[in-house]
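Have a look at the structure below before the remarks.
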Amino acid sequence: MNRAVIITIGIIIIVLVLGVWIYLMLFGTPKNGGEVFANLGFEVSPQATTITPPINTQPLDTLIDTGSKDALRQLTTRPVAGFAFASTSAGQTVRYVERGTGHMYEIHLESGVETILSRTTIPQVSGAVFSPDASTVALTSYQGYQSSVFVGTLGDDENIVGIALQPDARNLSFSSDTEVLYTVASGGTTKGYLHNIQTLAQSELFTMNYTNLDVGWGSGLDEIYLATKPSQEFEGFIYTTDNNVLTPATPSAYGLSALFTNDYILTTFIKDAVYTSAAIDDAGVSHSLPLIALKEKCVFDTQNTNYIWCAAPTEQTDPSFVEDWYKGTVTSQDNLWLINILAQTAQLYANPNSLVGRTIDVTSIDTNAVGDTLTFTNKIDHTLWLYDLSVE
C-alpha cells in the first residue's frame, strides 16, 4: 500500500477519534441509542405553549354536600393558588384561582353550586392574592427563579383585564380594590411600592438595604412591618418603617416570624433551643401561647382579636420541626385550635383525622367577616377546605 495512503488514513482516524472525544467533553455520554450524535450543538428554541381552555356548557360539579351536617368539608378537587371570601347578591361565596391555569372559580357556600368566573389562562400560576372585595387579583407565576405578576380585575366576559408588575414583584397585598402593594429587590436593596392599576400611578413607600424580607402591610394595617425571613441559624428582626425611619417592633430572636394586626403581633421564635410562640400587644406586653402558632397556620378572630384560630399538631417536641416544615421535608398533622391570648389557653376544635380520616397540613387559613367559617388549603395537595364553626 502506498505510504501516502496509509498516512492519509491515519490522519482521518485521528481526526474522527479527536472529534468523538470533543463531542463527549461538550455534551456528555449519550443516555440511550437515540441520543447518539443527535445533538450537534445547535440551539433549539423552545416553542411557546398556548393553553386553550375547553368551553364547558355543562354546570360544574357541586363539591359541597349541602345536606351534610359535617363541620369539616372539602371544597375543591382542583389545586388552589389562592382564595378569598366574597359577598354577592346571591349570598356568601368563596372565590379561588386554580394553580397552573389561573382560571377563577366561585363556590356558593349555601347552595354548593360552583361557577367559573374567568377563563383567562396564565400558565404556571402558583400564587393568587385577592383585593378586599375579591374583585381584583394578583397572579404570580414562575419561570426559572424569577416571578412575574399580573394584576387584573374581573370583567363581564369571563376575562381578567389588568397590568403586569415589575419583574420579580413579591410580598403582594392590597390597600384597596384598585391599589396593589409589592416589593422589588435588586442590588442588595428592597423597595416597596404602591401601584394604582386604574391610573397606573406608582409611589415608593420604603427602601431598605436588605433583600430577604417578609412585609406586613395592607389588609387594614396602620403600619408597614419589615421582617427578616425566619431561619433557625439567623437572628431575625422586625421593624416598622415611616419615611424610611426604622423602629424595632419586637425583640430580635432566632427563627423569628410574625403575623401582624393593629392589636397584636403574633410571633414564633426559638427560645431555649425550641420554637415557641407569643402574642405581643400594642403596649409591648408579650403573652406566651400554649402551642406553636405559625403565621401561615393562624388567623385572628374577626369578632374578637383576643382570640386566634390556629392549626397545629397536638404535640410537637422536635426542635427542627418548624425549619423542616418551611423546607417542605415534613408534613404537619394539624388540628384546629382556638387560642385565648389573655388566658394563654388553647381549645381543641377539630381533629381532621377523626372527622374525615385524612391528614391535613393547613396553610393560608382565613375566616369570613362574621367569624363563623374558616377556610384553608391543604399543603399536601393544595385543595381547598372549609370548617363551619356554626355546626355543633
Side-chain angles (χ1 to χ4, degrees), residues 81-82 84 86 95 97 102 104 118 120 122 125-143 145-155 159-229 236-250 257-263 265 282 295 300 364 366:
R95 290 181 180 175
V97 171
M104 186 189 298
S118 168
T120 301
I122 301 178
V125 164
S126 60
V129 177
F130 284 87
S131 66
D133 74 351
S135 64
T136 307
V137 64
L139 302 173
T140 300
S141 57
Y142 282 87
Q143 289 190 351
Y145 294 101
Q146 188 175 62
S147 66
S148 59
V149 178
F150 176 81
V151 184
T153 301
L154 187 64
N159 285 312
I160 298 177
V161 180
I163 61 171
L165 299 183
Q166 294 173 240
D168 217 24
R170 298 177 185 270
N171 292 303
L172 297 161
S173 186
F174 283 88
S175 62
S176 69
D177 294 313
T178 59
E179 293 181 319
V180 62
L181 300 159
Y182 63 96
T183 64
V184 176
S186 178
T189 299
T190 299
K191 293 185 177 182
Y193 296 98
L194 174 68
H195 198 124
N196 189 304
I197 65 171
Q198 291 184 342
T199 66
L200 303 184
Q202 183 190 74
S203 58
E204 183 179 309
L205 300 183
F206 69 85
T207 299
M208 184 174 181
N209 292 327
Y210 191 82
T211 57
N212 210 15
L213 282 179
D214 282 334
V215 181
W217 53 0
S219 304
L221 285 176
D222 297 334
E223 305 276 0
I224 297 176
Y225 294 91
L226 308 181
T228 53
K229 287 188 178 295
F237 299 85
I238 299 175
Y239 303 96
T240 59
T241 179
D242 184 14
N243 294 321
N244 286 326
V245 176
L246 300 179
T247 303
T250 70
S257 65
L259 177 67
F260 305 99
T261 69
N262 291 326
D263 297 322
I265 300 176
D282 53 7
K295 62 177 182 176
F300 280 82
S364 303
D366 198 7

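Because the structure is predicted, anything quoted here is derived from the model rather than measured. All heavy atoms count here, side chains included; hydrogens, waters and symmetry mates do not.
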For a quick test of your reading: what N or O donor-acceptor pairs under 3.5 Å do the side chains of residues 238-249 make, sequence neighbours left out?
unit_1 : atom_1 : unit_2 : atom_2 : d
Thr240 : OG1    : Thr247 : O      : 3.4
Asn244 : OD1    : Thr207 : N      : 2.7

Rounded distance [0.5 Å steps], [atom1] in [X] versus [atom2] in [Y]:
X: Ser118; Y: Asn159; atom1: OG; atom2: CG; value: 6.0 Å
X: Gln146; Y: Ser141; atom1: CD; atom2: OG; value: 10.5 Å
X: Tyr225; Y: Leu213; atom1: OH; atom2: CG; value: 15.5 Å
X: Asn196; Y: Ser176; atom1: CG; atom2: OG; value: 7.0 Å
X: Leu259; Y: Phe300; atom1: CG; atom2: CZ; value: 5.5 Å
X: Leu221; Y: Leu181; atom1: CG; atom2: CG; value: 10.0 Å

Per the salt bridge (Lys or Arg N to Asp or Glu O under 4.0 Å) rule, what does the pair list look like for [range], sequence neighbours excluded?
range: residues 206-222; result: Asp214-Lys229, Asp214-Lys295
range: residues 172-184; result: none
range: residues 161-173; result: Asp168-Arg170

Is any side-chain heavy atom of [X] closer than 4.5 Å to a side-chain heavy atom of [Y]?
X: Tyr210; Y: Thr189; result: no
X: Leu165; Y: Val180; result: yes
X: Pro167; Y: Ser148; result: no
X: Lys191; Y: Val184; result: no
X: Leu194; Y: Ser175; result: yes
X: Phe206; Y: Tyr193; result: no

Does a sphere of radius 6.0 Å around CD in Gln143 hold more than 12 heavy atoms from other residues, nucleotides or ligands, not counting ones at 6.0 Å or beyond? no
Going through the distances and angles, do Val161 and Thr153 end up as a side chain to side chain contact (heavy atoms under 4.5 Å, CB included)? CA-CA 5 Å; Val161 180; Thr153 301; over 6 Å; no
Let's go through Val215 and Ile224 carefully: what are the C-alpha distance in whole Å and the side-chain angles of both, what is the deciding distance for side chain to side chain contact (heavy atoms under 4.5 Å, CB included) to 0.1 Å, and is it a yes or a no? CA-CA 7 Å; Val215 181; Ile224 297 176; 4.2 Å; yes
Kindly indicate, with the supporting measurements, whether the criterion side-chain hydrogen bond (donor to acceptor under 3.5 Å, both in side chains) is fulfilled by Asp263 and Thr261. CA-CA 5 Å; Asp263 297 322; Thr261 69; 5.3 Å; no
Exercise: do Thr190 and Thr183 side chains pair donor with acceptor under 3.5 Å: no
Please report the C-alpha distance between Val129 and Val137 in whole Å, then the side-chain angles of each, then the deciding distance to 0.1 Å, and finally whether the side chain to side chain contact (heavy atoms under 4.5 Å, CB included) criterion is met. CA-CA 6 Å; Val129 177; Val137 64; 6.0 Å; no
List the atom of [X], the atom of [Y], and the distance in Å for their closest heavy-atom pair.
X: Phe150; Y: Gly162; value: CZ-N, 3.4 Å
X: Gly216; Y: Phe260; value: CA-CD1, 3.8 Å
X: Gly236; Y: Thr228; value: CA-OG1, 3.1 Å
X: Gly102; Y: Leu139; value: O-CD1, 4.4 Å
X: Leu172; Y: Ala138; value: CD1-CB, 4.2 Å
X: Tyr142; Y: Ser126; value: CD1-OG, 3.4 Å

So, [X] side chain and [Y] main chain: donor-acceptor pair closer than 3.5 Å or not?
X: Ser131; Y: Thr136; value: yes
X: Thr211; Y: Gly188; value: no
X: Arg95; Y: Ala134; value: yes

Of all residues at least two apart in sequence or in a different chain, which pass the side-chain hydrogen bond (donor to acceptor under 3.5 Å, both in side chains) check with Gln166? Tyr182, Gln202
Mind checking what makes ring-ring contact (aromatic ring centres under 6.0 Å, His included) contact with Phe174, not counting sequence neighbours? none
